[in-house]
Protein chains: 2
Amino acid sequence: MSDDDSAVARERVIESMEQSAEVYGLSRSAGRIYGVLYFASGTLSIPELVEETGYAKSTVSNVTRTLSRIGLIHRRSSTGGGRRVQFEAEREVWFILQDVFQQYIQREVQTTLRTIRRAEEQVPADAREQEPIQNLRETYEDLEEIVQLASEYSAAELREALETYEQ
Amino acid sequence: MSDDDSAVARERVIESMEQSAEVYGLSRSAGRIYGVLYFASGTLSIPELVEETGYAKSTVSNVTRTLSRIGLIHRRSSTGGGRRVQFEAEREVWFILQDVFQQYIQREVQTTLRTIRRAEEQVPADAREQEPIQNLRETYEDLEEIVQLASEYSAAELREALETYEQ
DNA sequence: CTGTTTGTTCGGCTCAATCCGAACAAACCA
DNA sequence: TGGTTTGTTCGGATTGAGCCGAACAAACAG
């Protein structure tokens, strides 16, 4: 087993992360930068990330800011040692997914639910349109609860909950 | 309660659907066309959708094809009555979400998992890189199972499973 | 068979996102 | 202090997605 093989394998996983990034509405560069940080033994600075990824300094600067804001990476402002800003990947993928649930999906579900409820109040009870909206509301109420609970469990707990549920 | 109010309320819900469409990686036009079909009493043809949405015929043609492929709307090829192709919205939102789970998320999780496992085989057991990958694999294995089970339950069942789970 | 209605495909326009390089700002070093 | 390294911000080039109108194809009506 050569270092080459190992490097190729790592590259494949990073490419997979690039793809996943797109699914989450991020750019491919964000996926790569996260991936490089994920496999880095310690923390990396912006010049090091430029070296590793081949992206321009400005790109790395912008992307790291975005990733930090979302919580995919952490800014280790080790102002003690040097001026360099150090970045570290959040390696607990489940934490990231929980954040996505809380920040995006839950928000999306809640705002939609608000709109639906408001619409339901405005539409008279005898209107034809009432029925589909009512149906929509009920599904979203279930969704709200599901997302809420799912974001509180760990991956293993969630799996357990679904596996042990019967009828 | 005037018809205007009712129309406004419906418009708000459709706008909300436009926004949701973006979250699912679809265009706003897809959200609107789905919304119009959702509130339509029966089925609508392409010329009718052009009239209702204001989009060009070509846009409606392309978007309806996409939405049909994904399963958000159904092609009622009522070749019996006339030549017109009729479209109907899939109003069971949970069915749609299950499809998204099955077709996209599950696929995404599985391909990632395959890549991770292949990488794990290539990296020797004593390598430093082994540990983070192993962690990643375990989370994704949980994810695979979660997505699989979640896509089999109804919204109410899923909610019930999470609510009744203890420890 | 001719004209009309419906639906798809094609090329082009517009706009937004991504990324780059250059300019700038700030901190460190000698 | 002057020079170097690091980080951010800005304007611009490139690319892709979304949408349109026109051309084309196909089915129906008279």
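Order of the sequence lines sets the chain letters (A, B, ...), proteins ahead of strands, with each chain counted from 1.
If you take CZ of Arg65(A) and P of dG7(D), they are 14 Å apart, rounded to a whole angstrom. One interatomic measurement links the two molecules: CZ of Arg84(B) to P of dC28(D), which rounds to 14 Å at whole-angstrom precision. Remark: C1' of dG7(D) and CD1 of Ile33(A) are 14 Å apart, rounded to the nearest angstrom. Distance, Glu51(B) CD to dT6(C) C1': 16 Å, rounded to whole Å. Here dT6(D) presents its P atom at 13 Å from CG of Leu44(A), a figure rounded to the nearest Å.
Partners of Glu163(A) according to the salt bridge (charged side-chain N to carboxylate O under 4.0 Å, His left out) rule, which considers only residues two or more places apart in sequence or in another chain, are Arg159(A). Residues forming a salt bridge (charged side-chain N to carboxylate O under 4.0 Å, His left out) with Glu92(A) (at least two apart in sequence, or on another chain): none. Every residue meeting the side-chain hydrogen bond (donor to acceptor under 3.5 Å, both in side chains) condition with Ser29(A), not counting sequence neighbours, appears here in chain and number order: Ser27(A). With sequence neighbours left out, the salt bridge (charged side-chain N to carboxylate O under 4.0 Å, His left out) criterion links Arg117(B) to Glu141(B). Contacts of Glu22(A) classified as side-chain contact (heavy atoms from CB on, under 4.5 Å), with partners at least two apart in sequence or in another chain: Arg28(A).
Arg75(A) comes within contact range of the sugar-phosphate backbone alone, with a heavy-atom separation under 4.0 Å but no base atom that close.
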Polar pairs (N or O, both sides) under 3.5 Å between protein and nucleotides 20-22 of chain C?
residue, atom, partner, partner atom, Å
dC20(C), OP2, Ala56(A), N, 2.9
dC20(C), OP2, Thr59(A), OG1, 2.6
dG21(C), N7, Ser58(A), OG, 3.3
dG21(C), O6, Ser58(A), OG, 2.9

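Residues from residues 13-30 of chain A placing a heavy atom under 4.0 Å of any atom in DNA chain D do not occur.
Residue pairs meeting the side chain to side chain donor-acceptor pair (under 3.5 Å) criterion with at least one member in residues 66-75 of chain B, sequence neighbours excluded, are His74(B)-Glu90(B). Sorted by first and then second residue, the pairs that involve residues 49-63 of chain A and meet side chain to side chain donor-acceptor pair (under 3.5 Å), not counting sequence neighbours, are Asn62(A)-Arg65(A).
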Checklist entry - side-chain contact (heavy atoms from CB on, under 4.5 Å) between Leu26(A) and Ile70(A): does it pass, once the steps are laid out? => result CA-CA 10 Å; Leu26(A) 298 173; Ile70(A) 306 181; 3.6 Å; yes
